[in-house]
Amino acid sequence: MLPIYLFRQEKERVIEGLRKKNFKDLDLVEKIISVDEQRRQVQVESDTLAATINTASKKIGQLMAQGQKAEADLHKAEVSQSKEKAKEQVQRLNELEAELNDLIVRLPNLPHASVPVGKTPEENEIVRSGGQRPDLSAQKKAHWDLAAQYELIDFELGNKITGSGFPVYTGRGARLQRALISYFLDYNTQAGYKEFYPPYMVNETTAYGTGQLPDKEGQMYHVAADGFYLIPTAEVPVTNVYRDVIIAEADLPVKMTAYSPCFRREAGSYGKDVRGLNRVHQFDKVEIVQLVHPEQSYAVLEQMVLHVEQLLQSLGLEYRILRLCGGDMSFTSALTYDFEVYSAAQERWLEVSSVSNFENFQTNRMKIRFRDGSGKTQLVHSLNGSSLALPRIMACLLENHQTPGGIKIPAALQPYFGADAIA
RNA sequence: GGUGAGGUGGGUGAGUGGCCGAAACCAACAGUUUGCUAAACUGUCGUACGUUUAACCGCGUACCGCGGGUUCGAAUCCCGCCCUCACCGCCA
């Protein structure tokens, strides 16, 4: 959520940013400013009254100690009266604070200056592309056909055991999953990311911290009996590692990576583009997260993009990098780069990674701070990205590296997979 | 699931109604001393909101797991909840 000082000091910038993000309800900004003013006014009154009660109470204590009971009783009566009023004010203050919070939480993050203006995915900006489009003139099968042919993934079995969107990987398909996870994690730890193996269920506070709650409640699986949520991405538990922590400036940047399965209900997205591995309810992903000094976050974002790009290159896949336009960005992001890989058999681009700078939008909520040179606490900036999401990578590996004689495995993966082809 | 113990500042831990935002020790930071390091000594050392300010300082308020209650006054007493630890039971 946006820090309140932005509204007081940079109202115009807030409005301009919201507009770029295609946010409609701009009246909220004025409402927030007005509620904030009320809140401060009430706090001044409330604090003043509390101060007089506190001094009076101390006075009573002294009088009692001196045995001046009658005098003390006089003050007691006074305090009793003020107390009721004080209670009302505290209640009013709490109401205003809650109202303010409810309002601010509804506003998305402000986009960075480099974010293109636009409303739809068509208006995203292609930053660059790379890799080679394969020649599939000899054979061009979609990944679900290849998966069936080599018995790598059993979608029907997933239906039987759980339901649609829960594929079962078998044999060399399962092995390839494991190989990808290990490869990605090793690649990240070699770049200095500390590996985490987080819980796959989180409590409400944690889900709130990264912004899944209160809005995206319907997107997560909920374990009602215990009040837990299945994580939609490792970003949720991993970023929350530092919730309520003041990090020493010398310890920045904090670099973390984690593999986890991701659970997404994908409510409302049935029917379209869901064939095979294109969209599933449970999938695997390796995530990278960084907590950095505010002045460094955009340089770090570029580093992370390069990091993911090189990983993609090592898999021999054709890719392109998009800078998302204001209307297509996520609620929490200030700048997002999407990575898409070309699915040669389906002849379409599939998103396999999304790398974002959230600035202090997440850390404001989670109170992740550092102490700067002058001893003051400041919010750090948080960033994250996928490196990478497995199902679509798997789909593109199968499709793009297929030959009539089998599926070639990229050299970087071979040590993990234990063979150079699936034949 | 059962029984018991407990949640206090970065850590250990004292504090059973006012002199407590909180002792002491450790850690950390700054300085003195020192050929360097270490040791010793001195000092600083929670967070948030508000107020004021160019900014600091200062001042006010709140916070001793969370939420209520009693009282003029609560870390301290009462009630509810959450969590942690130990042991037993069950189990991978």
Side-chain angles (χ1 to χ4, degrees), chain A residues 1-10 32-105 197 199-209 213 223-229 237 240-252 254 291 360 362-380:
Chain A
M1 79 193 204
L2 295 170
I4 186 70
Y5 63 77
L6 278 181
F7 297 87
R8 291 184 209 152
Q9 296 168 7
E10 300 182 81
I32 285 165
I33 291 170
S34 132
V35 173
D36 178 50
E37 269 166 20
Q38 286 179 61
R39 189 201 108 241
R40 281 184 290 163
Q41 196 189 324
V42 172
Q43 184 176 343
V44 169
E45 290 168 17
S46 170
D47 282 0
T48 310
L49 191 56
T52 64
I53 291 174
N54 285 344
T55 44
S57 293
K58 268 191 188 134
K59 179 89 180 161
I60 290 167
Q62 286 165 8
L63 291 169
M64 298 287 272
Q66 293 164 15
Q68 303 181 36
K69 194 165 177 309
E71 183 105 357
D73 283 343
L74 222 70
H75 285 285
K76 278 191 196 180
E78 260 174 54
V79 174
S80 296
Q81 278 191 332
S82 311
K83 238 187 93 178
E84 265 181 54
K85 200 171 162 198
K87 216 171 179 175
E88 279 170 31
Q89 277 176 335
V90 168
Q91 200 187 334
R92 176 86 183 116
L93 190 60
N94 288 339
E95 283 168 11
L96 285 168
E97 273 169 4
E99 189 183 344
L100 189 60
N101 191 61
D102 287 347
L103 292 173
I104 293 183
V105 157
Y197 190 103
Y200 300 151
M201 289 188 220
V202 295
N203 59 33
E204 234 175 78
T205 312
T206 299
Y208 181 83
L213 294 181
V223 182
D226 299 283
F228 296 150
Y229 292 89
N240 271 278
V241 165
Y242 282 89
R243 169 156 47 87
D244 294 322
V245 172
I246 298 174
I247 304 169
E249 190 171 3
D251 291 339
L252 296 177
V254 172
L291 303 172
N360 61 20
Q362 289 185 324
T363 56
N364 185 36
R365 226 185 244 212
M366 282 185 276
K367 300 286 170 280
I368 304 180
R369 293 162 291 176
F370 74 101
R371 206 178 296 282
D372 66 20
S374 67
K376 278 181 70 175
T377 60
Q378 252 190 75
L379 296 168
V380 303

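Chain A is the first sequence line, chain B the second, and so forth, proteins listed ahead of strands; every chain is numbered from 1.
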Trace of the side-chain contact (heavy atoms from CB on, under 4.5 Å) decision for A/Met366 with A/Tyr242: CA-CA 8 Å; A/Met366 282 185 276; A/Tyr242 282 89; over 6 Å; no
Test log, rule side-chain contact (heavy atoms from CB on, under 4.5 Å), inputs A/Lys59 and A/Glu71: CA-CA 10 Å; A/Lys59 179 89 180 161; A/Glu71 183 105 357; 5.8 Å; no
Passes side-chain contact (heavy atoms from CB on, under 4.5 Å), A/Gln43 versus A/Leu96? Steps please. CA-CA 10 Å; A/Gln43 184 176 343; A/Leu96 285 168; over 6 Å; no
With side-chain hydrogen bond (donor to acceptor under 3.5 Å, both in side chains) as the criterion, how do A/Asn203 and A/Thr206 come out once you've worked through the C-alpha distance, each side chain's angles and the decisive distance to 0.1 Å? CA-CA 6 Å; A/Asn203 59 33; A/Thr206 299; 3.0 Å; yes
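Nucleotide B/rU70 is matched to nothing when pairs are restricted to Watson-Crick or G-U wobble geometry with both distances under 3.5 angstrom. Nucleotide B/rC56 has no partner under the Watson-Crick or G-U criteria, as no pair reaches both atom distances under 3.5 Å. Pairing partner, B/rA40: B/rU32, with both Watson-Crick or wobble hydrogen-bond distances short of 3.5 Å. Pairing of B/rC63, defined by two Watson-Crick or G-U wobble distances under 3.5 Å, is identified with B/rG46. Nucleotide B/rU76 forms a pair with no other nucleotide shown, judged by Watson-Crick or G-U wobble geometry with both contacts under 3.5 Å. The partner of B/rA86 is B/rU3, by the rule that a Watson-Crick or G-U pair needs both atom distances under 3.5 Å. Under the Watson-Crick or G-U wobble criterion, with both distances below 3.5 Å, B/rC20 is left unpaired in every strand shown. Under the Watson-Crick or G-U wobble criterion, with both distances below 3.5 Å, B/rG9 has no partner in any strand shown.
Side chain of A/Arg40, nearest nucleotide from B/rC49, B/rA62, B/rU51: B/rU51. Of the candidates B/rC72, B/rG60, B/rU47, B/rC72 carries the atom nearest the A/Lys83 side chain, counting heavy atoms from C-beta on.
Of the residues in residues 56-64 of chain A, those placing a heavy atom less than 4.0 Å from an atom of RNA chain B are A/Ser57, A/Ile60, A/Gly61, in numerical order.
When the shell of 6.0 Å around NZ of A/Lys367 is examined, it contains more than 12 heavy atoms from other residues, nucleotides or ligands. Taking a 6.0 Å sphere around CD of A/Glu95, one finds it holds more than 12 heavy atoms contributed by other residues, nucleotides or ligands. In the displayed structure, A/Glu204 atom CD is contacted under 6.0 Å by at most 12 heavy atoms of other residues, nucleotides or ligands.
Spacing between atom CG of A/Asp251 and atom P of B/rA28 amounts to 14 Å, rounded to whole angstrom units. Rounded to a whole Å, the CZ atom of A/Arg39 is 17 Å from the P atom of B/rU61. Here the P atom of nucleotide B/rU47 and the CG atom of A/Leu379 are 14 Å apart, to the nearest Å. Distance, A/Gln91 CD to B/rG68 C1': 13 Å, rounded to whole Å. Residue A/Asn54 contributes atom CG, which lies 13 Å from atom C1' of B/rG21 at whole-angstrom precision. Rounded to whole angstrom, the span from the OH atom of A/Tyr5 across to the P atom of B/rC49 amounts to 11 Å. Here the P atom of nucleotide B/rG73 and the CD1 atom of A/Ile53 are 8 Å apart, to the nearest Å. If you measure from atom NZ of A/Lys87 to atom P of B/rA62, you get 15 Å, rounded to the nearest angstrom.
Between the P atoms of B/rA62 and B/rA75, the separation comes to 10 Å (whole Å). When the C1' atom is used for both B/rA27 and B/rG11, the distance is 7 Å, rounded to whole Å. Using C1' as the reference atom, B/rU3 and B/rG60 are 48 Å apart when rounded to the nearest Å. Going from the C1' atom of B/rU52 to that of B/rG58 covers 8 Å, rounded to whole Å. As rounded to the nearest Å, B/rC41 and B/rC26 have P atoms that lie 9 Å from one another. Taking atom C1' on both nucleotides, B/rU47 is separated from B/rG10 by 13 Å, rounded to a whole Å. B/rG31 and B/rU16 are spaced 41 Å apart, taking the C1' atom of each and rounding to whole Å. Comparing the P positions of B/rG1 and B/rC90 gives an interatomic distance of 16 Å, to the nearest angstrom.
The shortest distance between side-chain heavy atoms of A/Ile368 and A/Ile247 falls below 4.5 Å.
Using a 4.0 Å cut-off, no side-chain N or O of A/Arg371 falls inside it from OP1 or OP2 of B/rC45. Distances shorter than 4.0 Å separate some side-chain N or O of A/Thr377 from OP1 or OP2 on B/rA48.
Residue contacts shown for A/Lys367 are absent, as no nucleic acid heavy atom lies under 4.0 Å away. Across all strands shown, A/Asp73 has no heavy atoms under 4.0 Å from either base or sugar-phosphate atoms. Using a 4.0 Å heavy-atom distance criterion, A/Thr48 is classed as making no nucleic acid contact.
Expressed to the nearest 0.5 Å, how far OG of A/Ser46 lies from NZ of A/Lys85 amounts to 11.0 Å. How far CG of A/Leu93 is from CG of A/Asp47: 8.0 Å, rounded to the nearest 0.5 Å.
For the pair A/Asp47 and A/Ser80, both in contact range of RNA chain B, the more 5′-proximal nearest nucleotide belongs to A/Asp47. The residue among A/Lys76 and A/Lys376 whose nearest nucleotide of RNA chain B is located toward the 5' end is A/Lys376.
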